[in-house]
Amino acid sequence: MNIAKVIVDVPAGSINQTFDYEIPERFQEMLRPGMRVIVPFGSRKVMGYVVARTGESDFDHLKELIDILDLTPILTPELLDLGKWLAEETISLYITAFQAMLPQVLKANYKKELERLTTESLSEQLEVLFAGRDFISYEELGNAGVSFYQVQKAIQAGDIAVHYQVKSRVTKKHITFLKPAREVYLLEEALQDMSNKAKKQQEILAFFIERPEEIELNYILKKFGTTRAVINALQNKNLLTALKKEVYRNPHDDQAFEKTAALTLTKQQQKALKPVRQHIHEDRHDVFLLHGVTGSGKTEIYLQAIQDVIDKGEEAIVLVPEISLTPQMVRRFKGRFGSNVAVLHSALSHGEKYDEWRRVHRKEVQVVVGARSAVFAPFENLGIIIIDEEHENSYKQEDQPRYHARDVAIHRGENHQCPVILGSATPTLESYARAQKGVYQLTTLNKRTNDKAMPEVNIVDMRDELHAGNRSMFSRSLKDNMEERIKRGEQIVLLLNRRGYSTFVMCRECGHVKECPHCDIALTFHKYNNRLKCHYCSFEEPMPMYCPSCSSDLIRFFGTGTQRIEESLTQLIPEARVLRMDVDTTRRKGAHEKLLTQFANKEADILLGTQMIAKGLDFENVTLVGVLTADSMLNLPDFRSSEKTFQLLTQVSGRAGRHELPGEVIVQTYTPEHYSIEMASHYNFIQFYQHEMKVRKKFQYPPYVFLALITVSHQNHVTAVQTTQKIVKTLRTYVGEDTVILGPSPSPISRVKDRYRWQCMVKYKQEPQLRTLIYKIIRQFDEEMRKDDLQISADMQPYQLM
Ligand SMILES: Nc1ncnc2c1ncn2[C@@H]1O[C@H](COP(=O)(O)OP(=O)(O)OP(=O)(O)O)[C@@H](O)[C@H]1O
Ligand SMILES: [Zn+2]
Ligand SMILES: [Zn+2]
């Protein structure tokens with residue numbers, strides 16, 4: 001067994017397999033699968049993961065592996081298997097799948113050090129090595145000739161520990177971040193206009209167009225091999241902004257969490273919990289869909305199920321959407337389980353994330369609460385996996401490996417024979433349809449725990465406002481109601497549904513929205529050439545001057561930011577104290593929490609915000625929720641837009657009247673007759689489900705079919721088109737008769753980073769060989785991908801279609 005099978009960190013299709021290495025004598029005792037190693041690869045030294053040990057190889061003259069990076073495996077046998085499955089399921093490379101399961105710190109080569117933990121004496125060799133110090137660098141270990149096996153034993157005994165030194169912790173308190181200074185479509189315009197000489201600027205801008213989030217300056221400098229001058233140029237053009245952020249570790253340790261005890265469950269809660277408990281105790285896997293209205297006490301059910309798991313000596317993973325990983329949510333879990341909980345989310349620095357991950361790895365906690373990637377927590381005795389707000393899009397990863405956390409959770413639930421709970425007030429059509437078929441077990445909570453009615457929803461037709469001469473963003477009824485609440489000392493939550501802004505075109509006179517004649521999807525407005533396009537079938541036409549439906553010249557695309565609304569709000573109701581919560585005001589660490597605390601302390605009357613205020617918030621004094629433009633999302637070129645609108649309206653309505661005071665909701669819209677708005681106003685999920693299923697059936701969208709999206713990109717337009725054509729042709733030869741292949745068509749963002757992007761979509765019901773087929777097709781282009789920088793990616797069950 002002196003041969004290691006290694007997946008190397010060389011992300012290329014032609015290298016997507018294990019390589020065999022001889023294990024040198026000094027590592028033989030300690031090397032185990034799941035450890036990272038350094039191996040020679042060609043003329044280089046690269047990192048790799050040991051996936052197995054074996055006694056035989058098909059090859060002669062194996063090279064020796066050079067070094068071991070871990071003294072204990074960082075991937076469990078289950079996670080090694082999971083990585084393989086994940087790669088195959090998402091048509092990704094094995095190395096990419098393994099990297100996705102680990103915190104950032106373990107992917108890079110960080111400096112390591114050893115810490116002495118015990119005051120008792122160590123073995124003689126180790127005593128000599130430490131020489132009275134508490135910390136020594138890892139390199140000293142190699143030089144001292146101490147056996148790794150001895151070190152490993154001391155680690156297992158808890159006498160010493162290995163740390164990865166994260167640079168930011170030691171050297172810097174502040175890190176500079178970059179982010180777009182303007183809306184993405186404005187960046188796109190700037191990119192179009194930019195001189196071809198400014199190559200680096202173009203590359204960097206294109207990067208931010210694809211990922212308009214803040215990111216470390218250093219990362220950008222390194223990635224593009226560029227200098228501060230190039231960044232400055234982009235800043236001077238007002239395209240990027242720089243900001244400094246402080247970096248801490250152990251974010252939750254100093255906070256005191258008030259201890260909570262289990263509540264006496266309501267009848268409905270008891271009924272929902274019972275079968276889950278049975279499964280926990282019988283070590284049985286099943287998927288439970290917990291469909292419970294907002295405020296019905298789903299979280300309490302999770303907490304009590306987890307308590308059982310803890311009592312049994314097993315472990316629990318709770319996934320919550322990034323956006324609702326609020327201090328309120330963390331407090332509920334820490335309040336019940338104290339330091340037995342690790343929290344993993346993106347607001348943590350690399351070092352903090354690694355620290356939390358390590359607490360899981362060392363079995364110091366039994367519960368993990370985290371965003372998507374927490375589904376890979378390296379527990380070995382899972383007793384339950386819970387996905388809260390299972391309908392949230394953030395559970396789908398939008399780059400390689402393009403996995404959905406739900407699929408991973410269910411796969412791990414099978415591995416560990418434990419239950420999986422999917423909870424939501426507005427389940428996805430996919431999940432609800434599975435529950436209807438009996439694939440998942442459905443449990444419904446249709447009452448709030450306080451037995452209060454759901455707040456009444458009033459729809460305001462904004463076209464009437466316009467006709468009455470009110471051109472502001474606020475209807476008369478919303479204004480009157482806000483003033484009344486402020487007088488009574490009650491509070492208001494205002495939602496600006498901002499996604500999709502400035503992309504679709506709507507007539508303000510009659511509400512008409514331009515749709516594609518072939519696809520039942522709104523056309524997207526492209527400002528730089530003033531044309532409307534369909535992103536499914538590539539239909540396009542010029543932006544009309546007059547509404548095709550009523551001939552009004554009030555047809556235009558939409559665009560309003562929270563800041564402008566805040567201004568007009570203070571003009572409209574000067575006495576209102578407004579807190580604005582959006583990406584701009586929550587950028588600083590802790591800002592989110594601070595705003596919520598201010599609002600809870602009644603230092604403001606109105607909380608105005610984007611999607612991030614729709615979820616999880618629970619304030620007793622909120623009696624009015626206003627939705628400024630319910631339709632803005634409805635017109636996104638996405639077949640899920642009605643579903644997303646229904647979900648958002650239902651979630652935000654759930655923020656009102658959660659306690660003693662009754663709540664009310666005012667929804668402003670230009671299309672009050674749209675079924676998702678109308679049905680959300682009655683909280684009628686079942687009716688919405690039935691209606692939307694008919695629409696999906698008619699247009700053949702999920703859950704009636706599965707989708708696979710293949711995207712090709714290349715600097716040369718013709719190459720991109722021709723490659724996509726070849727792919728489509730091969731696919732057509734092998735798929736079944738009922739399978740539909742759409743395309744080639746240009747991707748919605750048809751040029752990024754000076755690369756042209758084309759795509760094709762497969763709609764299928766049954767294609768057991770499709771993944772293998774797509775994998776093989778992509779591999780046929782390995783040569784071009786390696787030499788000519790062609791890129792091909794596949795997204796099975798895509799969520800992002802734009
Ligand atoms: N059995 C119970 N008895 C009394 N109060 C309860 C009970 N269960 C939950 N609650 C309280 O009811 C409120 C709503 O519960 P919870 O937040 O768990 O609901 P939810 O379904 O998760 O809501 P949402 O989907 O809106 O986040 C909370 O304040 C919670 O403390
Ligand atoms: Zn019109
Ligand atoms: Zn179309």
Side-chain angles (χ1 to χ4, degrees), residues 257-274 276-277 288-308 316 318-337 369 371 384 386-392 394-395 421-428 431-432 442-455 457 493 495 596 600 607 611-623 625 646-663 665 680 683 685:
F257 293 97
E258 208 176 304
K259 196 95 189 103
T260 66
L263 302 170
T264 311
L265 297 182
T266 64
K267 282 252 154 54
Q268 285 200 331
Q269 284 174 317
Q270 282 173 23
K271 205 165 152 248
L273 183 58
K274 199 171 163 207
V276 177
R277 291 185 108 154
F288 295 89
L289 180 62
L290 181 58
H291 175 215
V293 297
T294 53
S296 59
K298 295 185 288 293
T299 314
E300 185 63 29
I301 294 176
Y302 305 154
L303 291 169
Q304 299 202 13
I306 294 170
Q307 188 64 59
D308 276 27
V318 185
L319 300 185
V320 300
E322 189 69 60
I323 200 167
S324 66
L325 201 47
T326 57
Q328 274 192 351
M329 194 71 180
V330 172
R331 195 172 300 136
R332 292 184 75 173
F333 285 87
K334 290 252 180 185
R336 191 68 56 89
F337 307 120
V369 180
I384 196 164
I386 294 164
I387 304 189
D388 190 29
E389 314 284 4
E390 71 96 24
H391 60 275
E392 274 291 312
S394 60
Y395 288 127
I421 304 184
L422 311 175
S424 176
T426 50
T428 52
S431 293
Y432 203 78
L442 179 67
T443 315
T444 307
L445 306 173
N446 56 14
K447 279 197 202 135
R448 286 186 153 184
T449 52
N450 59 6
D451 257 331
K452 288 265 159 30
M454 297 304 290
V457 181
V493 167
L495 173 80
L596 293 179
L607 180 64
Q611 264 79 344
M612 67 174 77
I613 63 170
K615 311 217 161 66
L617 302 185
D618 191 353
F619 295 109
E620 52 184 335
N621 199 36
V622 171
T623 58
V625 166
F646 182 86
Q647 289 165 349
L648 183 67
L649 292 180
T650 309
Q651 295 291 345
V652 73
S653 300
R655 300 310 115 210
R658 290 171 73 93
H659 298 264
E660 283 312 301
L661 299 166
V665 182
Y683 302 94
F685 175 81

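All of these numbers come straight from a predicted model, not from anything done at the bench. Read the numbers this way: they start at 1 and go in the same order the structure lists the ligands and their atoms.
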Qualifying residues under side chain to side chain contact (heavy atoms under 4.5 Å, CB included), relative to Asp308, sequence neighbours excluded: Arg277, Ile280, His281
Geometric class of the Phe646/Phe685 ring pair [parallel <30°, tilted 30-60°, perpendicular >60°]: tilted
Over 12 foreign heavy atoms within 6.0 Å of NZ, Lys259: yes
Glu389 with Lys298: basic N within carboxylate O range, under 4.0 Å: no
Check: Ser296/Gln268 side-chain N/O donor and acceptor closer than 3.5 Å: no
Residue part near ligand 1, for Leu263, under 4.0 Å between non-hydrogen atoms: side chain
N/O separation below 3.5 Å, Gln651 to ligand 1: no
side-chain contact (heavy atoms from CB on, under 4.5 Å) between Leu290 and Tyr302, intermediate numbers included: CA-CA 10 Å; Leu290 181 58; Tyr302 305 154; 4.0 Å; yes
Any donor-acceptor N or O pair under 3.5 Å, side chains Gln651, Thr294: no
Any Arg448 heavy atom less than 4.0 Å from ligand 1: no
Ligand 1 to Gly297 polar contact by distance, N or O atoms, under 3.5 Å: yes
Sub-3.5 Å N/O-N/O distance, Gln269 and ligand 1: yes
Option nearest atom 25 (O) of ligand 1 (shortest heavy-atom distance, choices Lys298, Lys267, Gln268): Lys298
Test item, Ser296 contacting ligand 1 (heavy atom, 4.0 angstrom): yes
Heavy atom of Gly295, distance to ligand 1 below 4.0 Å: yes
Distance filter under 4.0 Å to Thr264 heavy atoms, resulting ligand 1 atoms: 1 (N), 2 (C), 3 (N)
Gln270 and ligand 1 - part of the residue with a heavy-atom distance under 4.0 Å: neither
Identified side-chain hydrogen bond (donor to acceptor under 3.5 Å, both in side chains) partner of Ser424 from the options His391, Glu392, Glu390: His391
For Thr299, the ligand 1 atoms whose distance to one of its heavy atoms is below 4.0 Å: 18 (O), 22 (O)
Where ligand 1 meets Thr266 - atom numbers and elements under 4.0 angstrom, heavy-atom basis: 1 (N)
